[in-house]
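My questions all concern the structure below.
Below, all heavy atoms of this structure are taken into account, side chains as well, without hydrogens, waters or symmetry copies. Convention: sequence-line order gives letters A, B, ...; per-chain numbering from 1.
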Amino acid sequence: MNWVFQNFSTIWGYVLDHIGLSVPAIVVGFVLSVPLGYWTSKSPIARSILLTVFSILYTLPALVLFVLVPVALGLSILDPNNVVVALTVYAMAIMIRTANDAFAAVSPTVRESARAIGYSPVQRFFRVELPLAGPVLLAGIRVVSVSTVSLATIGGFIGIPSLGSLFLTGFQIQYFPEIWSGIVAVLIIAAVFDLILSTVGRILLPWNRRTTRRRAARAVAVEVTA
Amino acid sequence: MNLIQAGFAWIFDPAHWSDSSSSVGIGDALVQHLILTGISLALTAIIALPIGFYIGHTGRGRNAAIFLSNAARALPSVGLLTVLILAIPFIKGIPGNYLADVIVFVILGLPSMLTGAYAGLESVDRQTIDAARAIGMTEWQVLLKVEIPLGAQLIVGGVRSTTLQIVATVTIASFLTQVTLGTFIIAGLAQNDYPKMLGGAILVAALALILDGILAIVQRFASPRGVSRSTTKSKKNTARGATNASTQPITEGN
């Protein structure tokens, strides 16, 4: 415990680095995936292409993607954006599929009714399909958030500062408290993010409070253990 | 993109395949990577599948299994890897770091395979199982002749995600103790030798894709003949909806 207090500022710095890597990946991944998932739920061709491409990318180990991204994008190898891009790719691999399933699950009868009472396609998306898909999307982003926070640690191994840096230095000097503090910090960040997401979800989706858990279970079932 | 070409050129340079005084060869690293992956995978299967089948068949311990698979998602596997690799040699009677590493890979691989095994069994229609009992099958026959064949797709799905997990973890283990394909990524990174780094990355990527492809084919042919894909799929979906079973790697056709 003493070690943690003495090095609190170091750990806190890594915590901020870690949040700086994972939050953009979670947010960008979600924002890109929802329209793409909507598209794949409408177009079988888009579905087979996008889902296949992302499932292949998801197969690549993080360490590989972290060093391939800078080459593909022409960034410096030590640019933290490499990790952000790679984490975004993983987030999209999970999220596009979830969004696809969420939109595909909206009953055609409901969609037709919305059209019958005169909703334009845009209105239909924002007022009918998005709200109905909301609980599953929420469950999906919670999975994405947890796995992104956990994956970001691997950045520390290739010299991108994150809580994973504590693992590597802790290993080199054979010092357990340093590694443990990194693990505990990752778990705390994941828990806080999850709390934030579920709170935001409860505020944004008040109509689904009772069914959320059941639907969440279904959405998570579609997900991945990375 | 020139760097990618340089990476391939590095791989196809015969000089890099055998050990030299300065560096280990690709051949040895590949063999080591495959041996570590294979041993860990086999041990994981020996432990995870029977437990998963027990949970799936009896329904006992489901909550523990769900907790385990969720916790495994949140825990940073590399953190666990470093702690365990440091800690295991301190336990009396476990020699060397080779075994210690294998133990770590097994621990990290267990949750996916276990979840796949019990989710596969739970995905089988209860009426089918009751019918099997009604025609006089023993519990063992129900398990071996009905539940495992019908749940095979999800069971193999679990094996598939465990395989990916282990291949990735073995790569990272090269930072700590082992000489594997990841060694080239690290050495290349440290020496600013980007063709070497990319060569290593391409090799790991190829290994992961090939193993995943093989298991995808196994998965496709895992269900017994006569069970149409569409039926298994719809059953699978309803069952998973009910069970919160998070097993599958995202892959085409599932």
Residue pair Arg97(A) / Thr40(A), side-chain heavy-atom distance below 4.5 Å: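 No, every pair of side-chain atoms sits at 4.5 Å or beyond.
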Of all of Ile179(A), Val146(A), Leu166(A), which one pairs up most often with chain B through heavy atoms under 4.5 Å apart?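 Of Ile179(A), Val146(A), Leu166(A), Ile179(A) has the most heavy-atom pairs under 4.5 Å with chain B.
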Decide yes or no for Val53(A) and Tyr58(A): does some side-chain heavy atom of the first lie under 4.5 Å from some side-chain heavy atom of the second?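 Result no, sub-4.5 Å side-chain heavy-atom pair not found.
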Name the member of Leu63(A), Val186(A), Leu78(A) that forms the most heavy-atom pairs with chain B at distances under 4.5 Å.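 Sorted descending by pairs with chain B, the first entry is Leu63(A).
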Heavy-atom pair count under 4.5 Å with chain A, highest-scoring of Leu80(B), Leu209(B), Thr171(B):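 Winner by heavy-atom pair count: Leu209(B).
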Pro76(B), Ala190(B), Gly188(B): which one forms the most heavy-atom pairs within less than 4.5 Å of chain A?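 The candidate making the most pairs under 4.5 Å is Pro76(B).
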Heavy atoms, side chains only, cut-off 4.5 Å: are Ile189(A) and Leu163(A) in contact?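 Counting from C-beta outward, Ile189(A) and Leu163(A) do come under 4.5 Å.
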Within this structure, what is the OG-CD1 distance for the pair Ser174(B) and Ile185(B), rounded to the nearest 0.5 Å?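 So the OG of Ser174(B) and the CD1 of Ile185(B) are separated by 7.0 Å.
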So which residue, Asn192(B), Ile172(B), Thr169(B), ends up with the most heavy-atom pairs under 4.5 Å with chain A?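 Top count of heavy-atom pairs under 4.5 Å with chain A: Ile172(B).
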Looking at Leu198(B), Leu211(B), Ile186(B), which one has more heavy-atom pairs under 4.5 Å with chain A than the rest?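 Top count of heavy-atom pairs under 4.5 Å with chain A: Leu198(B).
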Any side-chain heavy-atom pair of Pro135(A) and Leu138(A) under 4.5 Å: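 Counting from C-beta outward, Pro135(A) and Leu138(A) never come under 4.5 Å.
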Does any backbone or side-chain atom of Leu81(B) lie under 4.5 Å from a heavy atom of chain A? Answer side chain, backbone, both or neither.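 For Leu81(B), no heavy atom lies under 4.5 Å from chain A.
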Taking the side chain as every heavy atom from C-beta outward, state whether Met113(B) and Leu41(B) have any atom pair closer than 4.5 Å.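 Yes. Closest side-chain heavy atoms under 4.5 Å.
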